Number of protein chains: 2
Amino acid sequence: MNNFDKPSVLVIEDEAPIRRFLKLTLSDHGYSFHEALNAREGLSKIASEQPSLVILDLGLPDMDGIELTREIREWSKVPIIVLSAREQEKDKVLALDAGADDYLTKPFGVQELLARARVAIRHAAKSPPQADSIVTFGQVKIDFGKRLVTFNDTELHLTPNEFKLLAALVRHAGRVITHTQLLREIWGSEYTDETHYLRVYMAQLRRKLETDPAQPRHLITEPGVGYKLKLD
Amino acid sequence: MNNFDKPSVLVIEDEAPIRRFLKLTLSDHGYSFHEALNAREGLSKIASEQPSLVILDLGLPDMDGIELTREIREWSKVPIIVLSAREQEKDKVLALDAGADDYLTKPFGVQELLARARVAIRHAAKSPPQADSIVTFGQVKIDFGKRLVTFNDTELHLTPNEFKLLAALVRHAGRVITHTQLLREIWGSEYTDETHYLRVYMAQLRRKLETDPAQPRHLITEPGVGYKLKLD
DNA sequence: TTTCGTCTTTACGAATTCTTGACGCTTTAT
DNA sequence: ATAAAGCGTCAAGAATTCGTAAAGACGAAA
């Protein structure tokens, strides 16, 4: 659902090693990662994070995984991939019929999981020709699905870094994001000291998106801390 | 697609015993059954029978199953479940990225196959009906049914790769598609670094489809990201 | 075998984007 | 008040990415 730039995955898994493993592989492959340690937390995070995919371990402490699948399906269409140690056919049939979209037996291969994740997300993207997630502020409109930004309804061009920065700001709209956090999200964690980059790119964004770049109304500096995007 | 009475399944499989076995089980479980013994026959029966699901064996005599999957996906969204004796992860990834919706290793359980068939058909039921097979932009007209492209009403010839690239662009018309995504859809997931392929084929497409190839109005470059097709 | 069409690979100039440093302004600390 | 630090702006050179043509590789058909 979160159409900004990266697809996001919610992993519901109580075993820490597998969770860590999934976090690494998924983050490495361009997914933003969220986690829940039990069914209850999983349900609430599906609602709050709106992930584009749920990966769900059947053996959770507080609720049967099949039951959880059914609960999710009562109100959400988010793709679900079930992981399980159980290889019996009966389990697979139950999970799939409960509403799961795929079923993988542990141990599974990373590449296969990633490929099946792509299939699940591809399905979801095609389903209802859902409206793109569009964010507006001032005279600016951002269509993340089309990667299109308009100012006063005239299309304008953003470079990759400009767009990534804008996306990061939108992702955390309304709140302050620290320099470190922004640099990590856009350039990677080796660049957390290059606050210089932010100054240059914020200036470029303001020049393109603000009516008066010298008096920004939306791309706000939080001195000594970071930046924030004011919507409205 | 045949939503009226029974869902129909097309099995593309050269080994007679498996074919017979599938025929029995599927018929027993309320599916109407069609069969094809090779890839060529499979392609033509998908067009003529419009099945609601294709079950496809990778080891066909006349064409690589992965390639067949990709060919089907150029013009059809019918759900595809791949059967294979090969359990290697690489094969699964290739098939799934080529457009298959699921992958089962032989020997497989009947109940599991049936459950996965239900999932596939459930997905298809949710997605919107087949997209229009004729697309126009500028002076270009594309008829996907006939695999025919005209410029100013004069027919012009596209090579297989040119056509695949164009089809991928049309499939995502209006939005930016990343290099990785295009390469994955056209050449497969092992080619995601060969961005130079895109450059030469985009150039060839522009030469054939744009009035002024140096100033493209429809086949647009998004520097550092990918390409997009602007209709209108 | 040759021929033909297509695909793959290479090379290089052109275009775009990124990085870097300089400079001046403002705010904060001393 | 002065110094120091943080910020905004600009622009030049570096680095990357693109477009294009053309040559070699490959396979199918004659």
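Chain identifiers are assigned alphabetically (A, B, ...) following the order of the sequence lines, protein sequences preceding nucleic acid strands; residue numbering begins at 1 within each chain. All values below come from the heavy atoms of this structure, side chains included, with hydrogens, waters and symmetry mates left out. Here the structure is a predicted model, which is why all the values come from computation and not from measurement.
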Check your understanding: When you check the phosphate oxygens OP1 and OP2 of D:dG19, does a side-chain N or O of B:Thr221 lie under 4.0 Å from one of them?
Key -> yes
Practice item. Applying side chain to side chain donor-acceptor pair (under 3.5 Å) between A:Gln139 and each of A:Asn152, A:Asp153, A:Thr150, report the one that passes. Key: A:Asn152
Review point. In whole angstrom, what separates A:Glu194's CD from D:dG6's C1'?
Key: 16 Å
Study note, to complete from the structure: For A:Leu182 and A:Ala168 the tightest heavy-atom approach is CD2-CB, 3.9 Å
Check your understanding: Can you check whether B:Tyr201 has a side-chain N or O nearer than 4.0 Å to OP1 or OP2 of D:dG19?
Key -> no
Check your understanding: Whole-Å distance between C:dT16 C1' and A:Glu162 CD?
Key -> 11 Å
Point to revise | Nearest-nucleotide comparison on DNA chain C, the residue closer to the 5′ end among A:Arg199 and B:Leu158 | key: B:Leu158
Exercise for review: Figure out the CD/P separation between B:Glu222 and C:dA15, and round it to whole Å.
Suggested key: 18 Å
**Study point:** Phosphate OP1/OP2 of C:dT16: any A:His157 side-chain N/O under 4.0 Å
**Key:** no
Review point. Roughly how many Å is it from CD1 in B:Ile220 to P in D:dT17, rounded to a whole number?
Key: 21 Å
Practice item. Fit a plane to each ring of B:Tyr227 and B:His179, take the angle between them on a 0 to 90° scale, and name the class: parallel (under 30°), tilted (30 to 60°) or perpendicular (over 60°). Key: perpendicular
Exercise for review: Verify the contact: side-chain N or O of A:Arg206 to OP1 or OP2 of D:dG8, cut-off strictly under 4.0 Å; return yes or no.
Suggested key: yes
Practice item. Starting from the 5' end of DNA chain C, give me the residue, A:Asn161 or B:Asn161, whose nearest nucleotide shows up first. Key: B:Asn161
Check your understanding: Choosing from C:dT8, C:dT20, D:dT20, which nucleotide comes nearest the side chain of A:His196?
Key -> C:dT20
Point to revise | Ring centres under 6.0 angstrom apart (A:Tyr103, A:Phe108) | key: no
Check your understanding: Just checking, any donor-acceptor pair under 3.5 angstrom between side chains of B:Thr221 and B:Arg206?
Key -> yes
Point to revise | Separation of C:dT9 C1' from B:Gln204 CD (nearest whole Å) | key: 13 Å
Review point. Any idea which heavy atoms bring A:Leu183 and A:Asp193 closest together, and the distance?
Key: CD1-N, 4.3 Å
Practice item. Whole angstrom is fine here: how far is it from CG in A:Leu198 over to P in C:dT19? Key: 12 Å
Review point. Counting side-chain heavy atoms from C-beta on, which of C:dT8, C:dT17, C:dG21 comes nearest to A:Val200?
Key: C:dG21
Review point. Can a side chain N or O of B:Tyr191 be found less than 4.0 Å away from OP1 or OP2 on C:dC7?
Key: no
Review point. Does the side chain of B:Tyr197 get closer than 4.0 angstrom to OP1 or OP2 of C:dT9 through an N or O atom?
Key: yes
Check your understanding: Does C:dC18 have OP1 or OP2 sitting under 4.0 Å from an N or O in the side chain of A:Trp187?
Key -> no
Point to revise | Short side-chain N/O contact from A:Thr159 to OP1 or OP2 of C:dT16, under 4.0 Å | key: no
Exercise for review: Determine: side-chain N/O of B:His179 to OP1/OP2 of D:dC18, distance under 4.0 Å, yes or no.
Suggested key: yes
Check your understanding: Could you state the CD-C1' distance from B:Gln215 to C:dA15, rounded to the nearest angstrom?
Key -> 12 Å
**Study point:** Integer-rounded Å distance: D:dG8 C1' and A:Lys208 NZ
**Key:** 17 Å
